[in-house]
Amino acid sequence: QVQLGESGGGLVQAGGSLRLSCTASKGTFSNYGMGWFRQAPGKEREFVGGISRGGRSIRYADSVNGRATISRDNAKDTVYLQMSSLKPEDTAVYYCAASRLYLIPSATREADYWGQGTQVTVSS
């Protein structure tokens, strides 16, 4: 069983950038497809992007495509989400998720494990 922990959230001005990290402990990180999701107040948790076990496949939601870069370092048991040109509508709690079965978990039901989330607030 893998345990996930996100970091790197905070307050950023619109147009700025940040990098979120998600580090796994226990389990074998490279066995999991990884996804990033976010949840804004009053909204459902939504897919942001994800990366396959070896990093060859990457997928982004339309809402962040061109502004987000996902990568992973299996030697460090860490997956990253780099976002630029941030908008106020990017404000949300960001979660990483791991899937044993899916190449890239792109729906909440496809994830087996979740981190606790990290808050990202984009001010206008």
Side-chain angles (χ1 to χ4, degrees):
Q1 177 174 337
V2 68
Q3 295 182 349
L4 305 173
E6 302 93 338
S7 62
L11 176 64
V12 62
Q13 289 188 337
S17 61
L18 55 72
R19 187 177 79 159
L20 305 181
S21 300
C22 170
T23 300
S25 59
K26 300 183 179 180
T28 303
F29 180 69
S30 58
N31 285 348
Y32 296 88
M34 298 298 298
W36 284 97
F37 293 76
R38 66 186 182 186
Q39 188 166 19
K43 296 188 177 181
E44 294 186 352
R45 192 169 298 189
E46 65 174 5
F47 174 71
V48 175
I51 187 167
S52 60
R53 295 174 184 83
R56 292 184 178 181
S57 296
I58 301 175
R59 186 184 307 161
Y60 299 100
D62 290 344
S63 58
V64 302
N65 198 21
R67 301 189 296 121
T69 302
I70 293 174
S71 61
R72 67 187 294 164
D73 185 338
N74 286 345
K76 296 183 178 179
D77 295 340
T78 300
V79 60
Y80 305 97
L81 171 63
Q82 175 82 38
M83 290 192 65
S84 60
S85 302
L86 285 161
K87 307 173 183 179
E89 50 264 44
D90 293 318
T91 295
V93 177
Y94 283 70
Y95 299 89
C96 64
S99 175
R100 293 168 295 179
L101 179 62
Y102 289 88
L103 185 67
I104 296 175
S106 56
T108 56
R109 60 178 174 80
E110 296 177 357
D112 298 301
Y113 305 103
W114 293 89
Q116 82 285 354
T118 185
Q119 176 71 48
V120 172
T121 302
V122 183
S123 63
S124 57

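Along the sequence shown, the residues carry numbers beginning at 1. These figures come from a predicted structure and were not determined experimentally. Just the heavy atoms: all of them, side chains too, but no hydrogens, waters or symmetry mates, feed the values below.
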query = Hey, are the side chains of Arg109 and Tyr102 touching, using non-hydrogen atoms and a 4.5 Å cut-off?
reply = yes

ask   = Does the side chain of Phe29 reach to within under 4.5 Å of the side chain of Met34, using non-hydrogen atoms?
value = yes

query = For the hydrophobic clusters of this structure (ILVMFWY residues joined by side-chain heavy atoms under 4.5 Å, transitively), does one cluster hold both Val12 and Tyr94?
reply = yes

ask   = Using the benzene-type ring in the case of Trp, are the ring centres of Trp114 and Phe37 under 6.0 Å apart?
value = yes

note = The reported gap from OG in Ser123 to CD in Gln13 (rounded to nearest 0.5 angstrom) is 5.0 Å

request  = Determine yes or no for a side-chain-to-main-chain donor-acceptor pair under 3.5 angstrom, with Ser99 supplying the side chain and Leu101 the backbone.
outcome  = yes

ask   = Rounded to the nearest 0.5 Å, how far does CD1 of Ile51 lie from OH of Tyr80?
value = 11.0 Å

message = Looking at every heavy atom in both Ala92 and Ala40, which two are closest together, and how far apart are they?
response = CB-N, 3.8 Å

CZ-OG distance between Phe47 and Ser106, expressed to the nearest 0.5 angstrom = 5.5 Å

ask   = Can you check whether Arg100's main-chain N or O pairs, donor with acceptor, with Arg53's side chain at less than 3.5 Å?
value = yes

key: Axial cation check for Tyr95 ring with Arg38, 6.0 Å and 45° limits   = no

ask   = Which atom pair, heavy atoms only, marks the closest approach of Ala24 to Val2?
value = CB-CG2, 3.5 Å

ask   = Between CG of Leu81 and SG of Cys96, what distance do you get to the nearest 0.5 Å?
value = 10.0 Å

query = Once you round to the nearest 0.5 Å, how far does CG of Asp90 lie from OG of Ser63?
reply = 7.5 Å

message = If you compare all heavy atoms of Pro105 against all heavy atoms of Ala97, which two are closest, and at what distance to 0.1 Å?
response = CG-O, 4.2 Å

key: Separation of Ser25 OG from Leu4 CG (nearest 0.5 Å)   = 7.5 Å

message = If we ignore hydrogens and angles and just use 3.5 Å, is the side chain of Glu6 paired with the main-chain N or O of Leu20 as donor and acceptor?
response = no

Ring-face cation contact, Tyr32 with Arg72, 6.0 Å cut, 45° max = no

ask   = How about Ile104 and Ser57: do any of their side-chain heavy atoms sit closer than 4.5 Å?
value = yes

query = Got Ser17 and Met83 here, is their nearest side-chain heavy-atom distance under 4.5 Å?
reply = no

ask   = Less than 4.5 Å apart, any side-chain heavy atom of Thr91 and any of Gln119?
value = yes

inquiry  = For a 4.5 angstrom cut-off between non-hydrogen side-chain atoms, does Val93 reach Thr118?
reply    = no

Any Ile70 side-chain heavy atom under 4.5 Å of Val79 side chain = yes

task = Taking the side chain as every heavy atom from C-beta outward, state whether Gln1 and Asp112 have any pair of such atoms under 4.5 Å apart.
result = no

ask   = Side chains of Ser21 and Thr78: is there a donor and an acceptor less than 3.5 Å apart?
value = no

